[in-house]
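What follows is a short report on a single structure.
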Amino acid sequence: MSAWKKFPVELSELCIDTVLRCGQSFRWKKTGETWSCALKGRVLLLQQEPDHLRYREIFPEAPVEAQGSGTSTIDLLNDYFNLSTDLKSLYKQWSDRDPHFSKKAITFTGIRMLRQDPWENLISFICSSNNNISRIGQMVGNLCIHYGPRIAEVDGTVYHDFPAPEKLAVKGVEETLRKLGFGYRAKYIAQTANMVVNELPEGWLMGLREKPYREAHDALLQLSGVGPKVADCICLMSLDKTEAVPVDTHVMQIATRDYKFNKIKSKSMTKALYDAVGDHFRELWGPGAGWAHSVLFTADLKSFADKEVGVVSKTTKKSKSTTVKKEVVEGESVIKAEEVTVKREANLNSSVKDEIKEDPWSDDQSSSSRKRKIETATVDALETTVVRRRLRSGRER
DNA sequence: ATAAGCCCTCCCCG
DNA sequence: ACGGGGAGGGCTT
């Protein structure tokens with residue numbers, strides 16, 4: 001049984017409560033104070049204190065074919081959380097260049113880009129089209145249960161790592177994923193896995209880390225289910241392209257509402273408009289525009305939670321039990337249902353609690369549905385209502 | 001309860 | 001070459 005160890009990192013450099021649920025990765029779960037996920041062949045447990053993380057690593061009892069299991073957990077933490085970049089000095093640069101950013105950044109510290117595995121990042125964001133965070137989480141979880149290697153059982157929960165490309169480049173994947181509720185994305189995933197394994201050169205995806213932003217972006221577009229927005233998510237979140245700005249309708253809202261961006265001529269999102277919004281932010285914030293964008297993006301998600309928590313004082317914490325009904329998919333259809341009791345705390349970002357004020361720049365009206373969906377997911381995680389998570393099989397209809 | 005509105009990519013059509 | 005518009009699955013309003 002492994003022990004808890006300390007990993008020094010300031011809360012202002014990394015706030016896992018925010019970063020692990022702002023729509024970058026979809027596999028982390030929080031139970032009580034502990035975040036957990038299977039990563040690079042081990043189960044990783046994390047708890048955050050103001051000046052360090054506590055972490056615990058659990059390796060499989062029998063050797064498992066999982067990529068990266070040789071990496072030390074310290075190296076993994078440094079790499080996954082992208083800690084070689086000094087976030088505080090970036091915040092200062094962006095604040096100097098942009099008063100609106102400066103205003104938002106005060107209450108939203110420690111928001112940085114993860115440095116994810118490109119393959120997981122790619123498949124997760126193919127799932128993200130036409131979709132909301134909680135359902136993406138369901139899908140990715142199911143993908144791991146069905147195709148990913150079992151790593152270990154910890155405190156009654158079985159953890160699976162993300163499946164390697166080869167596992168998804170086999171016959172029947174599209175059909176299985178359709179039954180699991182992936183919809184039309186099932187085909188995209190099957191085709192993309194096939195392309196990566198059978199048509200593109202070995203190491204092609206990881207190799208995009210060495211290429212310039214535009215080249216990597218354009219290369220990704222050849223994959224099925226990958227358009228400009230998803231390509232930018234991958235560039236930003238796993239390929240080290242800090243200038244990539246994924247423009248969805250929500251970011252479009254921020255641009256028009258908070259930055260007076262004028263989207264006159266086209267009414268739908270055209271390529272020209274897409275590039276114009278990205279360029280706008282790249283000029284404003286500089287080469288780290290993608291990182292800066294995620295601070296504002298996340299800040300907007302939070303504003304809802306802030307209003308809900310509202311006048312909660314600094315020392316008040318709500319901690320209640322939530323009953324989560326969880327259905328586990330096995331084989332081809334939903335079979336098992338189990339009750340799980342989860343304790344949750346109502347404070348997301350410990351640095352956010354006090355100053356909940358109305359910001360004239362970001363008043364309502366702004367409600368894009370993506371925003372609302374993500375906020376809803378956040379509130380689900382925070383609030384105490386009974387949450388029903390349902391997975392539909394193909395025949396259940 | 002039902003219908004309408006969304007999200008993002010693909011693909012066809014002017 | 002470029003933009004408009006519908007399909008596609010499931011969730012929210």
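Here is how names work: the chains are called A, B, and so on, in the same order as the sequence lines, proteins then strands, and each is numbered from 1.
Look at A:Thr249 and you'll find a side-chain N or O under 4.0 angstrom from OP1 or OP2 of B:dC7. Within the structure, a side-chain polar atom (N or O) of A:Arg178 is placed less than 4.0 Å from OP1 or OP2 of C:dG9.
We find that CG of A:Asn132 is positioned 12 Å from P of C:dG10, with the value rounded to whole Å. Straight-line distance from the CE atom of A:Met252 to the P atom of B:dC8: 13 Å, rounded to whole Å. A:Asn131 has its CG atom 9 Å from the P atom of C:dC11, to the nearest Å. Rounded to an integer number of Å, the gap from A:Ile136 CD1 to C:dC11 P is 13 Å. The separation between A:Leu221 atom CG and B:dC8 atom P is 16 Å, rounded to whole Å. Atom NZ of A:Lys271 is separated from atom P of C:dG3 by 9 Å (rounded to the nearest Å). Spacing between atom OH of A:Tyr274 and atom P of B:dC10 amounts to 13 Å, rounded to whole angstrom units. The nearest whole Å value for the distance from the OH atom in A:Tyr184 to the C1' atom in C:dC11 is 12 Å.
Here the side chain of A:Arg135 is nearest to one of C:dG4, B:dT9, C:dG10, namely C:dG10. With C:dG4, B:dT9, C:dG9 as the choices, the nucleotide that has an atom nearest any side-chain atom of A:Pro228 turns out to be B:dT9.
Bending across the helix from B:dA3-C:dT13 to B:dG14-C:dC2, expressed as the angle between its end axes from five pairs apiece, amounts to 50° (10° rounding).
With rounding to the nearest 0.5 Å, the separation of OG1 in A:Thr242 from CE in A:Met113 is 10.0 Å. How far OG of A:Ser124 is from CG of A:Asn131: 11.5 Å, rounded to the nearest 0.5 Å.
Among the protein residues, A:Leu223 comes within range of the sugar-phosphate backbone only, with heavy atoms under 4.0 Å from sugar or phosphate atoms but none that close to a base.
Between A:Trp94 and A:Tyr91, the two ring planes are tilted [angle within 30° to 60°].
Centroid-to-centroid, the aromatic rings of A:Phe26 and A:Phe125 come within less than 6.0 Å.
Applying the salt bridge (charged side-chain N to carboxylate O under 4.0 Å, His left out) definition to pairs two or more places apart or across chains, none involves residues 181-208 of chain A. Pairs passing the salt bridge (charged side-chain N to carboxylate O under 4.0 Å, His left out) check and including a residue from residues 204-217 of chain A, sequence neighbours excluded, read A:Lys211-A:Glu215, A:Arg214-A:Asp279.
The shortest distance between side-chain heavy atoms of A:Phe182 and A:Tyr188 does not fall below 4.5 Å.
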